[in-house]
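All of these numbers come straight from a predicted model, not from anything done at the bench. Here is the naming used below: chain letters follow the sequence lines, and residue numbers restart at 1 for every chain.
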There are 2 protein chains.
Amino acid sequence: MATIKDIAIKTNLSTTTVSLVLNNRADNIPQKTKDIVLKAARDLNYSPNQLAVALVTKRSKTLGLIVPDIRNDFFSNLAKGIEDECRDKGWTVFLCNSNDMHDRDLEYIKILAGKGVDGILYCMSSDSDAKKFKEKYELFQRFGIKFIALDRYFDFPNIITARLDHLKGGYLATKHLIDLGHRRIACLTGPNNLIDSNERLKGYKMALKENGIPYDPNIIIEGNYQVEGGLSAVDKLVKTDFTAIFAFNDMMAYGLFKGLQTHGLFVPKDISIVGYDDIYLSEILEVPLTTVHQPVELMGKTATNYLINLIENEVENNVIPTHAPKLVVRKSTAKLNSS
Amino acid sequence: MATIKDIAIKTNLSTTTVSLVLNNRADNIPQKTKDIVLKAARDLNYSPNQLAVALVTKRSKTLGLIVPDIRNDFFSNLAKGIEDECRDKGWTVFLCNSNDMHDRDLEYIKILAGKGVDGILYCMSSDSDAKKFKEKYELFQRFGIKFIALDRYFDFPNIITARLDHLKGGYLATKHLIDLGHRRIACLTGPNNLIDSNERLKGYKMALKENGIPYDPNIIIEGNYQVEGGLSAVDKLVKTDFTAIFAFNDMMAYGLFKGLQTHGLFVPKDISIVGYDDIYLSEILEVPLTTVHQPVELMGKTATNYLINLIENEVENNVIPTHAPKLVVRKSTAKLNSS
DNA sequence: TTGAAAGCGTTACCAG
DNA sequence: CTGGTAACGCTTTCAA
């Protein structure tokens with residue numbers, strides 16, 4: 001690989017001059033000299049060594065991305081948005097999977113710091129609690145690395161977060177069912193320790209309240225975000241008088257669908273279902289699923305854009321706008337008593 | 001961030017000594033001195049600046065990963081295997097999405113070279129032909145970057161590839177149907193310019209031949225790896241006397257399933273289907289899909305291991321073993337005339 | 001057993 | 001307008 005020195009030698013100029021020209025800082029250098037340098041650079045197929053650049057400028061134009069597991073649709077969409085934005089801005093991104101382990105989070109923060117990243121997009125491991133999150137927060141501080149917490153976070157001062165509006169999503173889903181005439185709306189939540197699940201539940205409650213429907217814990221079931229959770233929830237639900245259900249993700253909604261079928265209950269004739277996530281699958285199922293779509297990829301882009309801006313301008317311009325989800329009405333919901 | 005110099009000052013030793021100790025090259029240094037250095041390093045929370053290390057050692061312990069689109073299940077599984085292996089070995093990986101564009105491939109190779117990666121795991125954009133592939137090959141050469149072509153490649157001398165055995169997969173799928181008594185086995189392939197599709201077709205033909213079943217182009221349909229391709233293929237197929245079909249991926253298999261349903265044909269009673277990929281979905285469908293599972297993640301791990309080895313030892317030990325797929329028999333296939 | 005000094009490829013300051 | 005030189009943080013001879 002050709003270096004700046006090679007160009008300097010070839011052109012009989014100093015490395016300073018070459019560097020200046022190559023970085024467009026050559027205000028006082030005649031076009032003629034510039035052309036010579038540029039030509040030599042092209043001839044030698046010069047490409048700057050970013051390691052050296054980063055060493056001296058203290059800026060690598062590199063971000064780290066820490067997610068629990070890139071195989072998960074949510075995270076791969078996030079990663080896509082992030083990488084796209086990086087590319088647009090001439091940045092580059094390291095991929096790290098924590099496998100949902102706090103210790104890995106810590107380890108990766110250290111590694112990325114060593115690699116000289118300017119910032120980290122961080123989606124914390126699901127085994128984190130407030131204390132563990134704080135530990136990581138302090139590590140970021142110690143290394144002086146700016147970071148943005150993606151979707152998952154604990155509320156500390158000065159934490160910058162990129163958020164999906166789960167409350168609104170919960171509200172939209174529930175409101176839709178209410179508008180269709182349902183009043184006995186069951187809820188299959190995610191794990192109770194997850195903030196997104198809690199927020200969605202809040203949205204659910206808000207919609208109920210707003211419409212004068214009493215909240216009934218008997219038709220709220222804690223799920224696990226797996227198909228199987230939907231399946232097993234059905235056994236409990238069939239003993240109640242529910243007419244609709246809001247599942248906190250599409251996989252569980254699908255489990256519900258199958259479970260109901262085995263009980264001779266049909267969607268949407270007998271029971272209406274709303275899911276959450278809008279995974280690829282949902283559109284093409286036997287009964288296309290009404291669900292809540294989240295702008296995950298966009299959130300990735302926005303967060304990245306914000307982070308880069310933060311790094312380059314050192315000012316926290318303002319807050320990242322929360323990303324609003326959108327209800328996608330398909331065939332799994334119907335008017336009550338439409339049968 | 002503390003540097004080696006800080007430690008040297010604090011301990012009244014030279015940077016040389018500190019470096020030696022920290023890198024376990026301190027054969028001639030008394031334990032006492034070592035302890036002092038180690039303690040100081042801990043106290044100062046020292047962590048080496050890998051940019052500087054890379055600059056001087058010419059080795060960054062960093063790989064690049066170029067894939068068409070990380071949102072695709074196949075690639076995110078690949079990425080997971082790769083990143084896992086990197087982590088195990090103390091390496092790190094840059095993520096790049098080419099969006100299936102040749103020009104992006106080129107661009108990323110240059111960028112990664114600039115970032116000082118020691119090697120690249122490369123899955124080429126689908127718009128590549130032999131000529132374009134060669135262009136990229138030469139770029140790798142010019143930068144002196146070792147690379148491994150993942151799954152997709154063109155046969156040039158000295159190209160190291162990590163391969164899935166699509167021929168075997170095609171053979172297994174077809175053989176399974178033959179064993180069930182089927183002789184009129186249709187085929188819904190991928191795009192004809194893709195090597196994996198061609199290989200699977202070869203496997204299909206091999207199985208037919210081996211069993212004395214004539215090859216009939218009339219029941220071979222070129223697909224597009226999309227659900228919709230499966231759907232539309234049904235319209236052509238129902239005019240033939242096929243009793244089984246081998247779809248070259250699960251998404252199309254699912255499309256077939258739905259299409260057949262609208263024609264009053266049931267799986268596996270009327271028609272047997274074998275898919276390919278074993279995506280998450282396949283196990284939980286109405287009729288769980290018999291399909292071919294590919295060890296994608298493992299291939300990622302193996303390729304990474306090999307590449308790192310290649311970089312560190314400079315010798316091409318031997319060829320990466322081809323990864324054999326596995327038939328997963330579920331409910332979408334049945335004996336002919338079992339109805 | 002330890003240290004001085006050169007060098008990796010850049011940028012950036014200050015002279016000329 | 002251009003160049004010399006220091007510096008970034010580290011490793012690596014070579015000498016002492």
Side-chain angles (χ1 to χ4, degrees), chain A residues 1-38 40-41 44-62 90 110-111 113-118 143-144, chain B residues 1-38 40-41 44-62 110-111 113-118 143-144 312:
Chain A
M1 288 255 291
T3 73
I4 232 174
K5 219 179 202 166
D6 296 327
I7 300 180
I9 293 172
K10 182 165 180 175
T11 57
N12 275 320
L13 289 163
S14 71
T15 57
T16 308
T17 308
V18 174
S19 174
L20 252 26
V21 172
L22 258 24
N23 290 298
N24 284 319
R25 301 239 174 95
D27 301 330
N28 308 319
I29 294 180
Q31 191 59 41
K32 206 181 257 175
T33 311
K34 285 188 191 173
D35 289 342
I36 293 173
V37 171
L38 261 14
L44 291 173
N45 229 301
Y46 172 77
S47 152
N49 180 330
Q50 301 295 347
L51 295 172
V53 174
L55 189 60
V56 50
T57 61
K58 306 268 184 210
R59 192 126 294 169
S60 64
K61 289 201 164 208
T62 296
K110 285 178 203 154
I111 292 174
K115 295 280 182 172
V117 300
D118 296 328
F143 288 128
Chain B
M1 289 256 291
T3 73
I4 231 174
K5 217 180 204 164
D6 296 326
I7 300 180
I9 293 173
K10 181 167 180 174
T11 58
N12 276 319
L13 289 164
S14 71
T15 59
T16 308
T17 308
V18 175
S19 172
L20 252 26
V21 173
L22 259 24
N23 289 300
N24 285 319
R25 300 240 173 94
D27 300 331
N28 307 320
I29 295 180
Q31 193 58 42
K32 205 181 258 176
T33 313
K34 284 188 193 172
D35 290 342
I36 294 173
V37 171
L38 261 14
L44 292 173
N45 229 301
Y46 173 76
S47 152
N49 180 329
Q50 301 296 348
L51 295 172
V53 174
L55 190 58
V56 50
T57 62
K58 306 269 183 207
R59 191 126 295 170
S60 63
K61 289 200 167 210
T62 296
K110 285 179 203 154
I111 291 174
K115 294 278 181 173
V117 300
D118 296 328
F143 289 127
E312 292 186 329

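Spacing between atom CG of A/Leu22 and atom P of C/dA12 amounts to 13 Å, rounded to whole angstrom units. If you measure from atom NZ of A/Lys115 to atom C1' of D/dG9, you get 15 Å, rounded to the nearest angstrom. Whole-Å rounding puts the A/Met1 CE to C/dG9 P distance at 9 Å. Between B/Asn23 atom CG and D/dC10 atom P the separation is 10 Å, expressed in whole Å. If you measure from atom NZ of B/Lys32 to atom C1' of C/dT2, you get 16 Å, rounded to the nearest angstrom.
Every residue two or more places apart in sequence or in another chain that forms a salt bridge (Lys or Arg N to Asp or Glu O under 4.0 Å) with B/Lys10 is listed here: B/Asp43.
For the OP1/OP2 pair of D/dT12 and a distance below 4.0 Å, the side-chain nitrogens and oxygens of B/Arg25 include at least one atom meeting the criterion.
Across every non-hydrogen atom of B/Thr33 and B/Leu13, the tightest pair is CG2-CD1, 3.7 Å. Closest non-hydrogen pair, A/Gly114 versus B/Ser47, comes out as CA-OG, 4.3 Å. The two residues A/Ala2 and A/Tyr46 have their closest heavy-atom pair at O-CD1, 3.3 Å.
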Contacts table for residues 53-61 of chain A: side-chain donor-acceptor under 3.5 angstrom, sequence neighbours left out:
| residue | atom | partner | partner atom | Å |
| --- | --- | --- | --- | --- |
| A/Thr57 | OG1 | A/Val53 | O | 2.7 |
| A/Thr57 | OG1 | A/Arg59 | N | 3.3 |
| A/Thr57 | OG1 | A/Arg59 | O | 3.3 |
| A/Arg59 | NH1 | A/Ile311 | O | 3.3 |
| A/Ser60 | OG | A/Thr62 | N | 3.3 |
| A/Ser60 | OG | A/Gly116 | O | 2.6 |

Name the atoms and distances for all side-chain donor-acceptor pairs under 3.5 Å in residues 16-23 of chain B, with sequence neighbours left out.
| residue | atom | partner | partner atom | Å |
| --- | --- | --- | --- | --- |
| B/Thr17 | OG1 | B/Ser14 | OG | 3.0 |
| B/Ser19 | OG | B/Asn23 | ND2 | 3.3 |
| B/Asn23 | ND2 | B/Ser19 | O | 2.8 |

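A donor-acceptor pair under 3.5 Å is formed between the side chain of B/Asp6 and the backbone N or O of B/Thr3.
Listed in residue order, the members of residues 3-12 of chain B having a heavy atom less than 4.0 Å from DNA chain C are B/Asn12. Near DNA chain C, meaning a heavy atom under 4.0 Å away, the residues from residues 14-21 of chain A are A/Thr16, A/Ser19. Within residues 45-60 of chain B, the residues approaching DNA chain C are B/Leu55, B/Val56, B/Lys58, by heavy-atom distance under 4.0 Å.
To the nearest 0.5 Å, the span separating CD1 on B/Ile29 from CG on B/Asp35 amounts to 12.0 Å. How far CE of B/Met1 is from CG of B/Leu44: 12.0 Å, rounded to the nearest 0.5 Å.
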